[in-house]
**Q** 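Quick one: the structure is below, and I'll ask about it shortly.
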2 protein chains.
Amino acid sequence: MAVTIKEIAERAGVSPSTVSRALAGNPRISAETRARIQRIIDELGYHPNMNARSLVVKSSGTIGVVLPRSGDSAFLNPFFPEVLRGITAALEEHGYALLLATGRDDAVKHEHVARMVQGKQVDGVILLESRADDHLIFYLREQRVPMVMIGRPLLEGIAYVDNDNVLAGKEATEYLLERGHRHIAFLGGSLAYAVTVDRRDGYMLAMDKAGIAPAMRTVLSTDFSEEDAYREVTDVLHRPDRPTAFVVADDLMALGVIGAVQSAGLTIPEDVSIVSFNNVLLSRLTNPPLTSVDIHILDLGRKAVEMLFALIEKSSSRVDHYTDTYIVHTQLIERGSVSLGPFASGNV
Amino acid sequence: MAVTIKEIAERAGVSPSTVSRALAGNPRISAETRARIQRIIDELGYHPNMNARSLVVKSSGTIGVVLPRSGDSAFLNPFFPEVLRGITAALEEHGYALLLATGRDDAVKHEHVARMVQGKQVDGVILLESRADDHLIFYLREQRVPMVMIGRPLLEGIAYVDNDNVLAGKEATEYLLERGHRHIAFLGGSLAYAVTVDRRDGYMLAMDKAGIAPAMRTVLSTDFSEEDAYREVTDVLHRPDRPTAFVVADDLMALGVIGAVQSAGLTIPEDVSIVSFNNVLLSRLTNPPLTSVDIHILDLGRKAVEMLFALIEKSSSRVDHYTDTYIVHTQLIERGSVSLGPFASGNV
DNA sequence: TATTGATGTGCAAACGTTTGCTCGTTCAGA
DNA sequence: TCTGAACGAGCAAACGTTTGCACATCAATA
């Protein structure tokens with residue numbers, strides 16, 4: 001049997017309430033009593049039972065992170081580990097813990113989340129995906145759980161942190177345009193995700209602005225896997241009018257593109273230029289290294305935590321759900337996957 | 001205020017105990033009462049308060065996963081996301097949740113773990129690193145917390161799941177020897193980790209068995225980062241007697257090796273062969289793709305969970321800590337990073 | 001000396017469950 | 001008609017905390 005507050009109290013010759021107050025730093029406890037209690041606590045290695053504590057204070061000191069789909073596919077993309085890094089780092093500073101929610105399908109995930117939310121295991125949640133057909137978010141809003149989403153929500157009234165993906169997509173495309181590329185293709189993941197849509201929109205905007213004919217545009221959308229990327233791109237590369245450059249919405253997919261280009265007997269960046277997104281670790285490690293848009297994943301996670309704490313604060317003072325949004329800036333990192341295109345003017 | 005069991009009871013015209021029993025599937029509750037209660041529960045979307053529940057049943061339905069060091073560096077290596085995949089998948093099947101423990105240094109991590117263990121937030125823990133100077137494990141053993149380690153513990157009496165890394169290291173080395181390589185270098189991470197030591201020992205064993213002179217051996221040990229790998233290997237490659245092959249203890253490090261080799265103007269596999277470990281996603285994606293030893297990371301995670309549940313079971317029936325170990329087999333996956341060496345006999 | 005105001009501590013209720021025990025019905029068998 | 005299972009449900013204690021309120025002590029003030 002674990003050591004309880006009563007034992008501490010008994011040994012210290014005080015009541016449990018005094019111990020509790022001493023622990024909480026209540027100024028009404030005298031210095032000597034406090035010291036005596038502290039000594040005994042250290043000696044016995046006492047830690048309060050969090051369940052009992054949460055039960056009365058109505059706060060768990062834990063937040064929930066809801067992974068996309070099954071945690072399965074989620075962890076395949078380096079984005080998620082990275083965002084988790086940011087989240088854990090920030091939580092650490094607040095002394096909060098992290099409860100992970102997954103589920104092989106939406107139903108069991110929902111059950112899992114309901115249990116941790118209604119079961120009062122978490123004080124708030126961070127959602128890691130913005131998907132069109134996600135019912136979870138309705139549930140969470142109805143439950144009035146403090147929550148913030150990473151990525152642009154498809155509903156009104158949800159606090160979130162995101163990049164300006166339209167702008168980022170536009171800038172990435174313009175980078176290629178400036179270097180003399182005209183026939184530029186866009187390769188994204190599923191269009192059910194806001195991030196894919198936004199980056200594509202940015203691409204379109206840039207192409208519009210540059211007055212590129214629709215015939216020179218190609219929008220590919222696959223399943224976020226490199227295999228699919230490989231297949232799609234291989235196809236395109238064998239067309240007589242193949243693009244000279246690709247805007248790829250994800251580093252992992254860019255790996256598929258690299259593979260496809262090389263298999264087609266072409267070289268990067270001489271024959272085909274690539275700029276991709278996320279700037280995860282591996283973008284440095286490919287051959288050639290990828291020019292990629294850094295979206296500061298760590299900051300996305302960090303900021304999400306900050307916002308969530310603000311929300312938790314507000315909700316406990318009953319100001320009711322307020323929604324906020326924070327945009328993390330992006331930055332194109334130049335590496336070796338882009339060369340001058342056929343229309344280069346020589347003055348970039 | 002959330003809906004409680006009392007409300008359900010009131011609406012159903014029964015006592016809380018009856019509701020509790022109905023939920024637990026207690027056979028003493030009549031079918032009609034059960035149905036009536038269930039209807040109301042569905043209607044109101046009731047979920048029991050887990051804190052209250054855990055408090056009395058003395059089980060949290062949650063297990064803790066202790067990440068190496070700060071979750072920071074941890075998530076950099078694809079190994080951890082992958083093992084987490086295995087763990088979450090297995091936990092899901094048991095209806096268990098996952099609480100993550102990190103800490104920017106050992107002290108705060110210890111605090112974090114103590115809180116979740118003694119705070120009764122978890123029923124058991126999985127440790128993700130086997131490090132020589134880790135005090136945490138003493139604490140956990142003393143607390144008699146059900147735990148299993150992924151990787152070979154440096155202490156007796158700890159349940160664990162691991163690969164036979166000595167054997168794997170030996171086989172990887174033999175694979176190169178069989179193909180006519182003689183001057184083979186080993187590149188591993190920090191020697192504070194059991195995994196590094198084991199794979200190196202395997203390498204040594206194979207070299208011994210093949211009667212390779214010590215002069216033909218090179219053992220490099222860096223910090224598990226690709227930068228370090230890059231540096232170390234660059235050095236070695238400029239020696240007049242450079243190795244013709246590398247056994248690299250981690251795919252990520254192998255990326256560094258690839259970079260170093262290419263920077264040195266050499267090609268893989270013609271000039272330098274590589275076999276690495278872990279077979280994470282990226283080993284397929286490099287150029288050329290890496291021949292890598294698959295250690296079945298998913299199974300390590302999965303099996304750790306199974307063992308932990310067995311331990312929890314035992315410990316609740318007071319059989320006292322028993323220790324078990326499970327070895328996940330390994331399998332060399334042949335890809336494009338190995339060619340025949342200078343001493344190839346032509347009959348492999 | 002009586003009153004007051006700090007100061008330090010304790011009592012007991014409350015949080016939302018689970019569960020051992022008790023109790024009232026009902027019904028079959030004697 | 002009486003006895004005693006068998007069945008269905010409720011009472012109340014327990015889990016380990018926190019916290020509003022009451023209380024005791026003591027020094028200072030009136």
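Below, chains carry the letters A, B, ... as their sequence lines are ordered, and counting in each starts from 1. Just the heavy atoms: all of them, side chains too, but no hydrogens, waters or symmetry mates, feed the values below.
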**Q** Find the distance B:Ile29:CD1 to D:dC7:C1' and express it as a whole number of Å.
**A** 11 Å

**Q** Going by the angle between their ring planes, with limits at 30° and 60°, are A:His94 and A:Phe309 parallel, tilted or perpendicular?
**A** parallel

**Q** How long is the line joining CD of A:Gln121 and P of C:dT17, in whole Å?
**A** 13 Å

**Q** Do A:Val14 and A:Arg36 have side-chain heavy atoms sitting under 4.5 Å apart?
**A** yes

**Q** Rounded to whole angstroms, how far apart are CG on B:Leu55 and P on C:dA14?
**A** 17 Å

**Q** Looking at every strand, decide which applies to A:Ser54 at a 4.0 Å heavy-atom threshold: base, sugar-phosphate, or nothing.
**A** nothing

**Q** Indicate whether OP1 or OP2 belonging to C:dT19 is found under 4.0 Å from a side-chain N or O atom of B:Ser20.
**A** no

**Q** Distance criterion of 3.5 Å, no angle test: do you see the side chain of B:Arg21 paired donor-to-acceptor with the base of D:dG10?
**A** yes

**Q** What is the distance, to the nearest angstrom, from the CG atom on A:Asn49 to the P atom on C:dC15?
**A** 18 Å

**Q** Hey, is the side chain of B:Ser30 poking within less than 4.0 Å of OP1 or OP2 on D:dA9, counting only N and O atoms?
**A** yes

**Q** Do any side-chain nitrogens or oxygens of B:Tyr46 fall under 4.0 Å of OP1 or OP2 in C:dG16?
**A** no

**Q** B:Leu23 has an atom CG; how far is it from atom P of C:dT18, in whole Å?
**A** 7 Å

**Q** Is A:Ser15 side chain donor-acceptor paired with the C:dC11 base, going by distance under 3.5 Å alone?
**A** no

**Q** Say whether A:Tyr96 and A:Asp123, considering side chains only, have a donor N or O and an acceptor N or O under 3.5 Å apart.
**A** yes

**Q** To the nearest 0.5 Å, tell me how far B:Gln118 CD sits from A:Leu44 CG.
**A** 10.0 Å

**Q** Could you tell me whether B:Arg85 and B:Glu82 have a side-chain N and a carboxylate O separated by less than 4.0 Å?
**A** yes

**Q** Would you say B:Arg53 reaches C:dT18's phosphate, i.e. side-chain N/O to OP1/OP2 under 4.0 Å?
**A** yes

**Q** On the nucleotide D:dA9, are OP1 or OP2 found under 4.0 Å from the side-chain N or O atoms that B:Thr18 carries?
**A** no

**Q** Mind checking if A:Gly119 touches a base, just sugar-phosphate, or nothing, with heavy atoms under 4.0 Å?
**A** nothing

**Q** For B:Glu32 and for B:Ala52, locate the closest nucleotide of DNA chain D by heavy-atom distance; then report the residue assigned to the nucleotide nearer the 5' terminus.
**A** B:Glu32

**Q** What is the separation between atom CZ on B:Arg28 and atom P on D:dC11, rounded to the nearest whole Å?
**A** 16 Å

**Q** In whole Å, what is the span from the NZ atom of A:Lys120 to the C1' atom of D:dT17?
**A** 18 Å

**Q** Can you identify which nucleotide, out of D:dG16, C:dT9, C:dT17, has its nearest atom closest to the B:Thr4 side chain?
**A** C:dT17

**Q** On DNA chain D, does the nearest nucleotide to B:Pro27 precede the nearest nucleotide to B:Val56 from the 5' side, or the other way round? Give the residue.
**A** B:Pro27

**Q** Specify the closest pair of heavy atoms between A:Ser60 and A:Lys120, including all atoms of both residues, with the distance to one decimal.
**A** CB-O, 3.8 Å

**Q** I need the NZ-C1' distance between B:Lys6 and C:dC15, as an integer number of Å.
**A** 8 Å

**Q** So if I take every side-chain heavy atom of A:Lys58 and compare against C:dT19, C:dC15, C:dT9, which nucleotide ends up nearest?
**A** C:dC15

**Q** Let me know, please, whether B:Val57 or A:Ala31 comes out on the 5' side of the other along DNA chain C by nearest nucleotide.
**A** A:Ala31

